[in-house]
Colleague: 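Okay, handing you the structure first.
Convention: sequence-line order gives letters A, B, ...; per-chain numbering from 1.
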Number of protein chains: 2
Amino acid sequence: MELSIIDSLKAGGKKLTKARKAILAVLEKNALPITVAEVHAGLVKARTNVDLVTVYRNLAMLQELGLVNAVGFHEGQMRYEVVHGRAHHHHIQCRGCGKIIDLMLCPLKKLTKLIEEQTRFSVDGHALEFFGWCPQCR
Amino acid sequence: MELSIIDSLKAGGKKLTKARKAILAVLEKNALPITVAEVHAGLVKARTNVDLVTVYRNLAMLQELGLVNAVGFHEGQMRYEVVHGRAHHHHIQCRGCGKIIDLMLCPLKKLTKLIEEQTRFSVDGHALEFFGWCPQCR
DNA sequence: TGGTAAATGCAAGTGAGTTGCAAATGTGGT
DNA sequence: ACCACATTTGCAACTCACTTGCATTTACCA
Ligand SMILES: [Mn+2]
Ligand SMILES: [Mn+2]
Ligand SMILES: [Zn+2]
Ligand SMILES: [Zn+2]
């Protein structure tokens with residue numbers, strides 16, 4: 001059973017600041033992973049002025065606590081989505097317009113075990129993204 | 001049946017330059033994906049002076065022709081490996097020392113079809129990397 | 001309500017990757 | 001072997017995501 005966001009912060013010795021609440025709110029209302037600039041723009045739109053560097057620092061911290069997930073499509077920047085209350089999953093991005101869709105699946109449970117046996121690594125994560133062309137850009 | 005490197009270059013209207021040959025040679029002698037800086041260092045070591053920007057431009061071009069594969073572990077830089085004569089595969093990287101190992105497998109053939117049906121995207125690629133701790137760093 | 005560690009904003013810095021342009025070089029035809 | 005010419009290269013300047021240092025502010029707890 002998963003800790004609440006507030007309890008996770010407390011357990012990590014973190015304060016529940018105005019900036020933090022606002023950043024989490026922006027992420028919660030976005031179904032898909034968004035860039036740091038998009039988080040920042042969301043804050044400005046919500047009349048919450050938070051410096052860009054504060055967004056960077058908070059996203060890094062939230063990621064360390066496991067509350068936020070970083071996703072990269074090799075666009076030259078990372079994207080972030082909330083983990084809390086959502087199932088582990090992956091994404092596909094259109095090479096034309098950049099659109100992203102959630103893929104509510106993960107085929108890697110069994111394979112992870114196999115890799116651990118074959119490589120003697122202990123595997124603790126993976127990144128899986130698909131690329132292609134959406135119906136509009138096809 | 002796969003075109004030779006020279007034929008692929010020719011087909012793309014590309015010249016077989018000294019820099020190009022040397023870059024491919026560096027990549028060929030490395031089993032694992034290496035950074036642009038590492039390619040460049042390899043050139044210097046081989047007494048072939050090629051500007052860093054030339055390395056960037058050639059790797060981008062070779063990737064477009066499908067001769068080279070870009071791999072990213074979200075380290076803040078990309079890595080490159082030759083495709084020619086090697087089977088499609090994936091990688092695992094140690095979170096401690098950064099060591100990379102080839103995983104000669106890909107579990108995504110069937111899943112790709114399923115995703116195409118479900119999303120109406122045409123899928124033309126994917127990125128899959130595993131992360132963990134190697135025996136030394138465990 | 002005050003003491004204190006954590007968090008924030010601002011300014012400056014880092015580093016991967018890109019761009020513009022003049023000079024150099026590989027290629028295909030003669 | 002030579003020429004014409006498109007491609008490629010090197011250099012310098014630039015962009016932009018992200019980080020760091022430090023003085024000030026803020027959330028938390030006794
Ligand atoms: Mn998602
Ligand atoms: Mn490989
Ligand atoms: Zn699209
Ligand atoms: Zn290791």
Colleague: Using rotation axes that map the C1' atoms of four end pairs onto the next four (five pairs an end), what angle separates the end axes of the helix from C:dT1-D:dA30 to C:dT30-D:dA1, to 10°?
Modeller: 50°
Colleague: Dump every N/O contact between nucleotides 18-24 of chain C and the protein below 3.5 Å, one line per pair.
Modeller:
from	atom 1	to	atom 2	distance (Å)
C:dG20	O6	B:R57	NH1	3.3

Colleague: If you look at every strand shown and take non-hydrogen atoms under 4.0 Å, does B:A37 touch a base, only sugar-phosphate, or nothing?
Modeller: nothing
Colleague: Checking the side chain of A:H84 only, and the main-chain atoms of A:V82 only, is there a donor and an acceptor separated by less than 3.5 Å?
Modeller: no
Colleague: Give me the first and last nucleotide of DNA chain D, going 5' to 3', that has any atom under 4.0 Å from a heavy atom of chain A.
Modeller: D:dA17 to D:dC28
Colleague: Please report the distance, rounded to the nearest Å, between CE in A:M61 and P in C:dA7.
Modeller: 6 Å
Colleague: Rounded to whole Å, how long is the line connecting atom NZ of B:K21 with atom C1' of C:dT25?
Modeller: 12 Å
Colleague: Can you work out whether A:T54 or B:L16 has the more 5'-proximal nearest nucleotide on DNA chain C?
Modeller: A:T54
Colleague: Mind listing the residues from residues 40-50 of chain A sitting with a heavy atom below 4.0 Å of DNA chain C? Number order is fine.
Modeller: A:N49, A:V50
Colleague: Figure out the CZ/C1' separation between B:R20 and C:dT25, and round it to whole Å.
Modeller: 11 Å
Colleague: Side chain of B:Q77 only, heavy atoms from C-beta on: which candidate in C:dG17, C:dG26, C:dG9 is closest?
Modeller: C:dG17
Colleague: Using a side-chain heavy atom cutoff under 4.5 Å and only I, L, V, M, F, W and Y, what cluster partners does A:I100 have?
Modeller: A:L32, A:V71, A:F73, A:F131
Colleague: How far apart are the C-alpha atoms of B:I115 and B:F121, what are their side-chain angles, what is the distance that settles it, and do they pass the side chain to side chain contact (heavy atoms under 4.5 Å, CB included) test?
Modeller: CA-CA 8 Å; B:I115 290 168; B:F121 272 55; 5.7 Å; no
Colleague: Looking at B:L52, I'd like to know if its CG atom is crowded, meaning that more than 12 non-hydrogen atoms belonging to other residues, nucleotides or ligands lie closer than 6.0 Å.
Modeller: yes
Colleague: A side-chain contact here means heavy atoms from C-beta on lying under 4.5 Å apart; do A:I34 and A:V26 qualify?
Modeller: yes
Colleague: What ring-ring contact (aromatic ring centres under 6.0 Å, His included) pairs are there with at least one residue in residues 19-65 of chain A, not counting sequence neighbours?
Modeller: none
Colleague: For A:Q93, which of A:K99, A:E75, A:H74 qualifies under side-chain hydrogen bond (donor to acceptor under 3.5 Å, both in side chains)?
Modeller: A:E75
